[in-house]
Amino acid sequence: MNILEEAKQNLEEIIKDRRELHKIPELQLNLPKTVDYVKKRLEEMGIKYKLLVNGNAIIAQIGEKEGKCLAIRADMDALPIEEETNLPFASNHKGCMHACGHDGHTAMALAAAKILKNREKELKGIVKIFFQPGEEIPGGAEPMIKEGCMENPHVDRVIGLHEGGIFGNYEKGTIGYKKGPLMASMDAFILKVEGKGGHGARPKEFIDPIQIISEINMGLEKIISREIDPCESSLISICQIHGGTCQNIIPDQVWEEGTVRNLNEEVQDFVEERMKEITENLAKAYRGKGYLDYKRYYPALINDEEFTEFAKETAVDLLGPEKVIEIEKPTMGGEDFAFYLKKAKGTFLALNNLRPAEDGKKYPHHSSKFDIEEDTLYIGAGVLGEIAYRYLNKEKSK
């Protein structure tokens with residue numbers, strides 16, 4: 001029996017794991033119930049593990065022989081969303097929901113772990129499985145790396161998979177891949193302008209921060225439209241703005257918050273520098289003061305071309321060429337799997353399985369009605385398991 005067939009035979013168990021996890025969504029870096037569930041399942045399989053990030057991250061390890069090491073990553077955290085799916089296994093935690101598919105990621109990784117454990121004596125190396133908290137912010141990959149998840153033994157290759165439909169509306173049950181840039185860096189900023197408030201009927205006596213921040217925002221748009229190569233992908237989105245208390249009072253200050261996304265690190269550096277210059281200098285030109293607080297969260301996710309080709313070939317062997325699709329364009333969404341790719345070559349794949357809701361519509365990730373086609377979960381488990389097995393055991397996977 002091959003790995004995909006074994007995964008399919010375990011589909012009922014994979015679905016059970018997904019549903020149990022779906023009931024107990026937890027946020028950020030505090031996942032006690034989720035971690036307890038995963039630990040229990042690993043113990044049932046006889047798989048050794050250790051905990052990181054204050055007990056909220058798990059590294060499972062499979063393999064008895066020295067050699068290459070491949071890591072499979074599964075994120076476990078949920079989102080602060082009130083679920084509206086009416087599923088019989090909907091969230092038991094008010095205000096929290098697995099609205100991004102991480103319950104499925106964890107269930108598929110558990111299935112891959114079971115299959116690989118059954119073949120442990122055949123493995124010519126080590127498989128680590130990272131059960132990670134906090135992908136949705138503040139990010140669990142970076143603290144796991146700082147605590148040594150990529151060492152002892154050193155991880156040579158790393159692979160992850162995202163279910164749903166974040167890369168496009170592809171056919172159910174297909175695996176998507178893309179060489180090179182796949183997801184953007186994720187930065188955030190708070191921009192503040194200080195002026196001098198007073199009566200709205202006497203603007204010349206005061207310094208209007210609303211007018212200044214409006215000029216700054218026009219300048220920020222020109223970074224994208226006039227200062228970056230049109231062939232590069234970059235965006236600045238202002239997502240909230242606050243200032244003022246009344247229709248006839250000029251406020252003392254205004255602030256806004258937004259996000260910046262890039263696929264190229266050099267462009268990322270340039271955008272940050274120009275945003276700071278425009279904020280400070282335009283505010284000064286209008287007699288105000290401008291401040292930019294800019295934070296980098298996740299780098300761009302860049303798949304290794306050679307290993308992505310290996311993963312694609314493996315998926316084609318398992319599923320046939322018609323079920324393996326090249327993702328047409330990167331997305332400007334972010335993913336902290338990118339941190340692992342800074343430390344080891346690897347690839348991030350897609351399992352396309354977005355499920356229509358009761359009204360027949362497909363609701364995207366981070367929606368209160370998001371759901372996935374559970375009968376496809378064995379595909380992700382089988383592909384992850386097969387890639388790990390082949391990488392450790394076959395010469396062509398170097």
Side-chain angles (χ1 to χ4, degrees), residues 135-139 141-142 145-146 166-167 178-195 209-243 253-305 308 327-348:
E135 191 281 321
E136 296 289 356
I137 293 288
E142 194 170 31
I145 292 168
K146 288 178 178 178
I166 60 173
F167 300 109
K178 189 180 187 306
K179 299 174 183 178
L182 177 65
M183 302 185 77
S185 59
M186 186 175 70
D187 302 340
F189 67 90
I190 296 175
L191 194 159
K192 182 189 293 184
V193 173
E194 292 183 354
I210 294 176
Q211 294 298 319
I212 295 172
I213 206 168
S214 299
E215 293 282 351
I216 289 171
N217 288 339
M218 293 297 290
L220 299 184
E221 289 298 316
K222 290 183 177 66
I223 298 174
I224 304 301
S225 66
R226 287 295 177 266
E227 298 190 38
I228 293 174
D229 186 332
C231 295
E232 293 284 355
S233 295
S234 181
L235 69 82
I236 301 171
S237 287
I238 297 159
C239 297
Q240 61 171 319
I241 185 165
H242 301 269
Q253 69 174 31
V254 179
W255 68 274
E256 65 187 20
E257 188 172 17
T259 188
V260 182
R261 307 294 172 110
N262 290 285
L263 295 168
N264 180 308
E265 194 168 336
E266 291 181 3
V267 175
Q268 182 184 17
D269 293 339
F270 175 79
V271 171
E272 180 180 354
E273 180 182 358
R274 288 296 289 136
M275 286 181 68
K276 187 173 188 294
E277 290 173 347
I278 288 170
T279 298
E280 294 177 354
N281 292 324
L282 268 179
K284 185 177 180 180
Y286 290 100
R287 300 181 297 127
K289 293 181 180 179
Y291 306 91
L292 181 71
D293 180 11
Y294 192 102
K295 293 181 180 178
R296 297 190 179 196
Y297 284 100
Y298 303 165
L301 192 158
I302 313 294
N303 284 332
D304 178 72
E305 296 203 3
T308 302
I327 296 168
E328 296 174 6
K329 297 177 182 178
T331 174
M332 300 307 277
E335 236 288 352
D336 78 342
F337 183 81
F339 283 111
Y340 300 118
L341 294 176
K342 291 280 189 179
K343 298 294 182 181
K345 294 180 179 180
T347 195
F348 196 63

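Every value quoted in this text rests on a predicted model; they were computed, and no experiment measured them. Values below: all heavy atoms of this structure, side chains included; hydrogens, waters and symmetry mates excluded.
Pro330 is listed as a side-chain neighbour of Leu263, based on a closest heavy-atom distance under 4.5 Å. Side-chain contact between Leu341 and Asn303: present, with at least one pair of heavy atoms (C-beta onward) separated by less than 4.5 Å.
In this structure, the separation between CZ on Arg296 and CD on Gln268 is 4.0 Å, given to the nearest 0.5 Å. Between the CE atom of Met183 and the CG atom of Leu301 there is a distance of 6.5 Å, given to the nearest 0.5 Å. Separation of atoms CZ (Phe348) and CZ (Phe337) is listed at 6.5 Å; rounding is to 0.5 Å. The CD1 atom of Ile236 sits 12.0 Å away from the NZ atom of Lys222 when rounded to the nearest 0.5 Å. For the atom pair Ile278 CD1 and Glu215 CD, the distance stands at 12.0 Å (nearest 0.5 Å).
Between Phe339 and Tyr298, the ring planes lie perpendicular to each other; the angle is over 60°, past the 30° to 60° tilted range.
By the side chain to side chain contact (heavy atoms under 4.5 Å, CB included) test, Ile302 pairs with Pro181, Ala300, sequence neighbours left out. For Lys179, the salt bridge (Lys or Arg N to Asp or Glu O under 4.0 Å) partners at least two apart in sequence or on another chain are Glu309. In this view, Ser185 satisfies the side-chain hydrogen bond (donor to acceptor under 3.5 Å, both in side chains) rule with no residue, not counting sequence neighbours. Legend: residues meeting salt bridge (Lys or Arg N to Asp or Glu O under 4.0 Å) with Asp293, ordered by chain and number and at least two apart, are absent. Residues that satisfy the side chain to side chain contact (heavy atoms under 4.5 Å, CB included) test with Thr279, not counting sequence neighbours, are Leu191, Ile216, Leu292. Partners of Phe167 under the ring-ring contact (aromatic ring centres under 6.0 Å, His included) rule, at least two apart in sequence or in another chain, do not exist in this structure. Residues passing the side chain to side chain contact (heavy atoms under 4.5 Å, CB included) test with Lys343, sequence neighbours excluded: Ile145, Met150. When the side-chain hydrogen bond (donor to acceptor under 3.5 Å, both in side chains) test is applied to Glu265, the partners found at least two apart in sequence or on another chain are Lys342. Take Lys345 and apply the salt bridge (Lys or Arg N to Asp or Glu O under 4.0 Å) test, not counting sequence neighbours, and it matches no residue. Residues forming a side chain to side chain contact (heavy atoms under 4.5 Å, CB included) with Phe270 (at least two apart in sequence, or on another chain): Ile223, Glu227, Ile228, Arg274.
With 3.5 Å as the limit, one finds no donor-acceptor pair spanning the side chains of Asp187 and Tyr297.
In this structure, Ser237 contributes its side chain and Cys239 its backbone to no donor-acceptor pair below 3.5 Å.
Listed by first then second residue, pairs satisfying side-chain hydrogen bond (donor to acceptor under 3.5 Å, both in side chains) with a partner in residues 253-263 read Asn217-Glu256, Ser234-Asn262, Gln240-Glu257, Thr259-Arg261, not counting sequence neighbours. Note on residues 280-292: pairs passing side-chain hydrogen bond (donor to acceptor under 3.5 Å, both in side chains), not counting sequence neighbours, are Lys276-Glu280.
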Could you give me the CA-CA distance, side-chain angles and deciding distance for Lys178 and Lys329, then say whether side chain to side chain contact (heavy atoms under 4.5 Å, CB included) is met? CA-CA 8 Å; Lys178 189 180 187 306; Lys329 297 177 182 178; 5.7 Å; no
Can Met275 and Val260 be said to form a side chain to side chain contact (heavy atoms under 4.5 Å, CB included), step by step? CA-CA 10 Å; Met275 286 181 68; Val260 182; 3.8 Å; yes
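Counting all heavy atoms, side chain and backbone alike, Val193 lies closest to Ile212 at CG1-CG2, 3.7 Å. The shortest heavy-atom contact between Glu135 and Asp336 is CG-OD1, 3.2 Å. The two residues Pro299 and Ala338 have their closest heavy-atom pair at O-CB, 3.3 Å. Heavy atoms only, all atoms of each residue included: Gly290 and Ala283 are closest at N-CB, 3.3 Å.
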